[in-house]
Amino acid sequence: MPNLLTIPRELRDQIYDWTLSDTLPSSRSRELQRERKTIEYSRSDPETLFGQGAIQFPVHTSLPPAHGLLHTARQLRHEFLDSIKRLGVVRYKVDLVDRKDRGVLAPTWISVPCLPCFADRIDVLEVHWRVRSGKTSSVVTSVGESEHFNCNQFNGSLALLQRFIERGVYLLSKKKRAKVRIGVLEIHLNAGWEPELFGFGVEADEFAEAAGLFLDDYLLGEDSFVYDGLMRQEFDAQFEMLVGKIDKVQMYANGALKREWELRDAIARREEHRRNAATRGEVSGDEH
């Protein structure tokens, strides 16, 4: 009886390509996506991150469809790793629901070609950011209620990104791994946009513009939510780690590229901005 090793290589390559493009079973299950967990931030616990209390982490994330092939015969593993190289662009896709009425972020992994340990880097992390002012019945974004409300979802998104870089797709894992590198972080505001937030009509293009200005301020260190020197140190360390692991950020609205940030010199630009701000402050003080 034919098996995977006896069929022609061309057919095996088609199977490899199919498994690399398939979605995760957990992303298609309403029942699995209902079970979520919140981890509160504690300044005394270095394993927690400021803002992560806003995240409803998925308890269930399936292994990539290709995972089994990488743990069978040596020949299949070798051929499949070749398929990953031929893939050209290793693209991860995640759905992120942003409940503005409750300050909650709910991520769901949609497509993971292979775990980061089998690829040198993730070329594209594609985030589909879907803002909602109420509950959604979508299968891949159905979430439970939380007793916690954290209005600072921006810090939640940074904490979520840091946990992914440190832990991979299994965001609740207690084990840290070698930090993954991301070529492009793509943020997509899609046609499924809910145009009314807090009683005001907001189009995706307008929101992208406002979010872009907010990100401009963050990259320059204009963090209005920093309360003391210790928090400043924590935020600076997080910033340096993130910009050191992400090459570029792009923001899209309904498929059109709106903004782009190169992060290669982000630390130097932030330091220069602070020096200039300090100089302006000294000049202003002398004038008075």
Side-chain angles (χ1 to χ4, degrees), residues 49-55 92-100 103-107 122-132 150-166 179-190 193-195 197-198 200 202-227 231-277:
L49 301 171
F50 181 79
Q52 70 178 22
I55 307 168
Y92 281 39
K93 182 177 179 180
V94 62
D95 180 86
L96 182 64
V97 167
D98 182 350
R99 283 281 301 276
K100 289 298 184 187
V104 168
L105 297 170
I122 296 169
D123 297 301
V124 179
L125 175 57
E126 182 179 325
V127 180
H128 287 258
W129 183 11
R130 300 198 287 155
V131 178
R132 296 290 182 268
N150 187 332
C151 63
N152 196 344
Q153 291 156 294
F154 180 73
N155 287 102
S157 65
L158 296 178
L160 181 60
L161 188 56
Q162 181 173 344
R163 288 189 73 93
F164 168 66
I165 290 174
E166 293 179 340
K179 294 182 178 66
V180 68
R181 185 165 194 86
I182 299 169
V184 182
L185 171 60
E186 290 185 359
I187 303 171
H188 293 260
L189 304 172
N190 293 320
W193 183 265
E194 186 174 280
L197 298 173
F198 306 115
F200 299 95
V202 179
E203 297 297 330
D205 287 346
E206 297 176 78
F207 192 88
E209 182 178 354
L213 293 174
F214 195 88
L215 186 53
D216 286 338
D217 286 343
Y218 168 72
L219 291 174
L220 292 176
E222 298 289 344
D223 304 317
S224 59
F225 35 77
V226 175
Y227 308 124
M231 183 173 284
R232 174 80 274 161
Q233 292 177 19
E234 293 177 0
F235 282 11
D236 284 349
Q238 182 186 59
F239 171 79
E240 290 177 10
M241 188 275 281
L242 293 177
V243 300
K245 291 297 180 181
I246 304 171
D247 296 337
K248 181 188 299 185
V249 178
Q250 294 178 334
M251 183 174 293
Y252 295 78
N254 295 324
L257 178 63
K258 297 299 181 181
R259 292 289 306 276
E260 184 173 83
W261 297 265
E262 292 281 354
L263 302 186
R264 185 180 301 107
D265 302 320
I267 296 175
R269 289 196 299 270
R270 176 181 276 206
E271 292 176 349
E272 181 182 5
H273 178 76
R274 286 180 175 171
R275 287 195 299 269
N276 292 339

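From a predicted model like this one, the values you see are computed outputs, not experimental measurements.
- Of all heavy-atom pairs spanning Arg274 and Gly221, the tightest one is NH2-CA, 4.3 Å.
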Would you check, one step at a time, whether the test side-chain contact (heavy atoms from CB on, under 4.5 Å) holds for Phe207 with Leu189?
CA-CA 9 Å; Phe207 192 88; Leu189 304 172; 4.0 Å; yes

Given side-chain contact (heavy atoms from CB on, under 4.5 Å), test Ile182 with Asp247 step by step and report yes or no.
CA-CA 7 Å; Ile182 299 169; Asp247 296 337; over 6 Å; no

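- Using the six-membered ring where Trp is involved, Phe50 and Phe235 have ring planes that are tilted, between 30° and 60° apart.
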Quick one, Val249 with Leu263, criterion side-chain contact (heavy atoms from CB on, under 4.5 Å). Give me CA distance, side-chain angles, the key distance, then yes/no.
CA-CA 8 Å; Val249 178; Leu263 302 186; 3.8 Å; yes

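- Once rounded to the nearest 0.5 Å, the distance linking CG of Leu220 with NE2 of His273 reads 5.0 Å.
- Side-chain N/O atoms of Gln162 and Glu166 include a donor and acceptor closer than 3.5 Å.
- Contact record, Ala54 with Gly103: CB-O, 3.5 Å, taken as the closest heavy-atom pair.
- From Gln233, atom CD reaches atom CD of Gln238 across 14.0 Å, with rounding to the nearest 0.5 Å.
- Contact of the Lys258 side chain with the Gln250 side chain is not registered, since no non-hydrogen atoms from C-beta on lie closer than 4.5 Å.
- Nearest heavy atom pair, residue Gly156 against residue Ile55, reads O-CD1, 3.3 Å.
- Leu105 and Ser157 get closest at one heavy-atom pair: CD1-N, 3.5 Å.
- Scanning all heavy atoms of the two residues, the minimum distance from Ile267 to Glu240 falls at CD1-CG, 3.8 Å.
- Between Tyr218 and Leu213, the closest side-chain pair of non-hydrogen atoms is not below 4.5 Å.
- Interatomic distance, CG of Leu219 versus CG of Asp265, reported as 12.0 Å (0.5 Å rounding).
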As a quick check of understanding, evaluate side-chain contact (heavy atoms from CB on, under 4.5 Å) for Glu260 and Met251, giving each step before the final call.
CA-CA 6 Å; Glu260 184 173 83; Met251 183 174 293; over 6 Å; no

Take Trp129 and Tyr252 through the ring pair (Phe, Tyr, Trp, His ring centres under 6.0 Å) test and state the conclusion after the steps.
CA-CA 10 Å; Trp129 183 11; Tyr252 295 78; over 10 Å; no

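- Of the charged side-chain nitrogens involved, at least one lies within less than 4.0 Å of a carboxylate oxygen, so that Arg130 and Asp95 count as a salt-bridged pair.
- Checked by atom type and distance alone, the side chain of Gln52 pairs as donor or acceptor with a backbone atom of Leu49 at under 3.5 Å.
- The existence of a salt bridge linking Asp123 and Arg181 is excluded, since no basic side-chain nitrogen approaches an acidic carboxylate oxygen closer than 4.0 Å.
- In this model, a donor atom of one side chain and an acceptor atom of the other lie less than 3.5 Å apart for Glu126 and His128.
- Taken from CG in Leu125 to CD1 in Ile246, the straight-line distance is 8.0 Å, to the nearest 0.5 Å.
- Using a 4.5 Å heavy-atom threshold, the side chains of Arg163 and Ile165 count as separate.
- In this structure, Asn254 and Ala204 approach most closely via the heavy-atom pair ND2-CB, 4.1 Å.
- Summarising the local packing, CD of Glu209 is surrounded by 12 or fewer heavy atoms from other residues, nucleotides or ligands at distances under 6.0 Å.
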Working note: His188 + Glu186, criterion side chain to side chain donor-acceptor pair (under 3.5 Å); need CA distance, chi angles, decisive distance, verdict.
CA-CA 6 Å; His188 293 260; Glu186 290 185 359; 2.9 Å; yes

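- Panel note: side chain Arg270, backbone Phe239; no donor-acceptor pair is recorded below 3.5 Å.
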